[in-house]
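None of the values given here were measured: they were computed from a predicted structure. Note that the numbering runs from 1 along the sequence shown for the chain.
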Amino acid sequence: MIKGEEVSFKNCRFGNGVKDFQYSSFGVDNVSFVNAEFGDGDVNFINARFDGRKVSFKIARFGEGKVDFHFATFSEERVSFYKSWFRTLSLGFCHLNGFIDLRVNRGSTIDLSNTVVRAEQFRILKENFKNLGIYNSEDRAYVEFKRCESKATLSESVKQKPATAIYHYPLYWFKLWLFDRAGLYATSPVRVLITMVTCFVVFSLVYYFMLLWTPADIIASVDNQLSPMSRSFYHSAITFLTIGYGDHYPYGAVRWVSGIEGFFGLFLMSYFTVAFVRKVLR
């Protein structure tokens, strides 16, 4: 175990080969690998423990090897990989409770599998992927950020006022399905399109079964009569797309279902436009 106020490997050159810091324990306030050059070969910090207030790998160059922090323990303060260079950085099974600066200079893979992180880390990753032009990874980081943010908001609200759980939990699930499941927070226009088609088919079938089993009806204002199945799908289409030609109109309970479908259609079409334009402009 290394104790004291500071341990500095600043500007060190380690050369090629494996650099092994497994099970090391840094019981110091500051650990610095600033501008260190590790050469080619793996760098292992597996099960290492960093108890200080600051751990810095700023501008560190790790070469072509793998940088492995599996099961490493960090304090709740600051860890920085700002402008570092690496091929693969693995933080699997770590608890990143403090501020982790992942605005790296270059890297092909950052592995966060089975890692507990704060939502803020995903926001930083999103901005970094955006600057690097890796837009698919930016989208995934943004979705995780929004999910963590939503869960944190729910947890804090219920913790402060437990009685409001009866309101906050349904709101959380409503937002989860409306914004996340429907289109991954406007990052996937294909996902939104699939949701639109699914809603259209579901509402069409609801109309069809209502025509068969209830007094409700879809009445034609023209002479050309359609079969119940055709009327159901046609009415669903003009309602979902908010066209409303007026040649068919709902009667009875179908009116209420039509109103709900009109809301979903208007929302999902707007949602698809936002997601599609976001992809095109980027």
Side-chain angles (χ1 to χ4, degrees), residues 74 76 91-100 102 110-127 129-130 136-207 209-210 214 216 236 239-240 242 253-279:
F74 296 93
E76 297 186 2
L91 294 164
F93 293 92
C94 294
H95 282 254
L96 307 179
N97 296 316
F99 179 83
I100 310 295
L102 293 172
I110 298 177
D111 180 8
L112 295 172
S113 57
N114 298 295
T115 301
V116 178
V117 300
R118 295 168 57 189
E120 185 70 14
Q121 310 308 328
F122 288 114
R123 187 187 65 80
I124 294 171
L125 277 175
K126 172 191 176 298
E127 294 302 319
F129 285 133
K130 180 181 179 180
N136 289 333
S137 296
E138 179 202 354
D139 288 343
R140 290 196 292 269
Y142 176 70
V143 170
E144 289 301 325
F145 167 68
K146 295 300 292 183
R147 287 172 176 172
C148 291
E149 183 182 52
S150 181
K151 289 179 181 178
T153 301
L154 173 66
S155 177
E156 288 297 323
S157 300
V158 173
K159 184 178 180 180
Q160 291 177 1
K161 295 182 179 180
T164 62
I166 193 173
Y167 161 77
H168 284 294
Y169 274 101
L171 181 62
Y172 167 78
W173 287 107
F174 177 74
K175 290 181 177 180
L176 178 68
W177 284 100
L178 197 62
F179 297 112
D180 188 355
R181 299 293 187 263
L184 296 176
Y185 293 98
T187 62
S188 176
V190 175
R191 183 78 165 260
V192 181
L193 190 60
I194 292 173
T195 303
M196 291 173 66
V197 173
T198 302
C199 284
F200 164 69
V201 172
V202 169
F203 276 104
S204 298
L205 294 176
V206 169
Y207 293 140
F209 290 120
M210 290 182 71
T214 71
S236 181
T239 302
F240 188 88
T242 64
V254 173
R255 292 175 177 174
W256 298 101
V257 181
S258 299
I260 296 172
E261 185 183 13
F263 165 78
F264 276 99
L266 185 62
F267 173 80
L268 289 174
M269 284 191 292
S270 303
Y271 201 20
F272 175 79
T273 302
V274 171
F276 181 75
V277 171
R278 182 175 179 272
K279 288 285 187 182

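Using cut-offs of 30° and 60° for the angle between ring planes, the Tyr142 and Phe145 rings count as tilted. Classified by interplanar angle (parallel below 30°, tilted 30° to 60°, perpendicular above 60°), the ring pair Tyr207/Phe203 is tilted.
Annotation for Phe276: atom CZ does not count as buried by contact number, only 12 or fewer foreign heavy atoms lying within 6.0 Å. Applying the 6.0 Å contact sphere to CZ of Phe200 captures more than 12 heavy atoms from other residues, nucleotides or ligands. More than 12 heavy atoms of other residues, nucleotides or ligands shown are found within 6.0 angstrom of CZ on Phe267.
Between Gly183 and Arg191, the shortest heavy-atom contact is CA-CG, 3.8 Å. Minimum interatomic distance between Ala275 and Ser188 (heavy atoms only, all atoms of both residues): CB-C, 4.3 Å. Between Ser157 and Thr164 the shortest heavy-atom distance is O-OG1, 3.7 Å. The two residues Pro170 and Ala165 make their nearest non-hydrogen contact at CD-O, 3.9 Å.
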### Task
Show your working on salt bridge (charged side-chain N to carboxylate O under 4.0 Å, His left out) between Lys159 and Glu156 and close with a plain yes or no.
CA-CA 5 Å; Lys159 184 178 180 180; Glu156 288 297 323; 5.3 Å; no
### Task
Quick one: do Ser137 and Arg140 satisfy side chain to side chain donor-acceptor pair (under 3.5 Å)? Show the steps, please.
CA-CA 5 Å; Ser137 296; Arg140 290 196 292 269; 3.2 Å; yes
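One finds the CE atom of Met269 at 8.0 Å from the OG1 atom of Thr273 (value rounded to the nearest 0.5 Å). To the nearest 0.5 Å, the span separating CD1 on Ile194 from CZ on Phe272 amounts to 11.0 Å. Here CG of Leu268 is found 8.5 Å from CZ of Phe263. Values are rounded to the nearest 0.5 Å. Atom CG of Asp139 and atom CZ of Arg278 lie 4.5 Å apart (nearest 0.5 Å). Separating the SG atom in Cys199 from the CD1 atom in Ile260 is a distance of 11.5 Å, to the nearest 0.5 Å. Rounding to the nearest 0.5 Å places CG of Leu266 at 12.5 Å from OG1 of Thr239.
Using modelled atom types and a 3.5 Å distance limit, the side chains of Arg255 and Ser258 yield no donor-acceptor pair.
Inter-residue side-chain proximity for Glu261 and Val254 is flagged as unmet; no heavy-atom pair is nearer than 4.5 Å.
Between the side chain of Arg181 and the main chain of Leu176, no donor-acceptor pair closer than 3.5 Å is present. Listed for the Tyr271 side chain is a donor-acceptor partner under 3.5 Å among the backbone atoms of Tyr185.
A salt bridge between Asp180 and Lys146 is absent, with no side-chain N of the basic residue lying under 4.0 Å from a carboxylate O of the acidic one.
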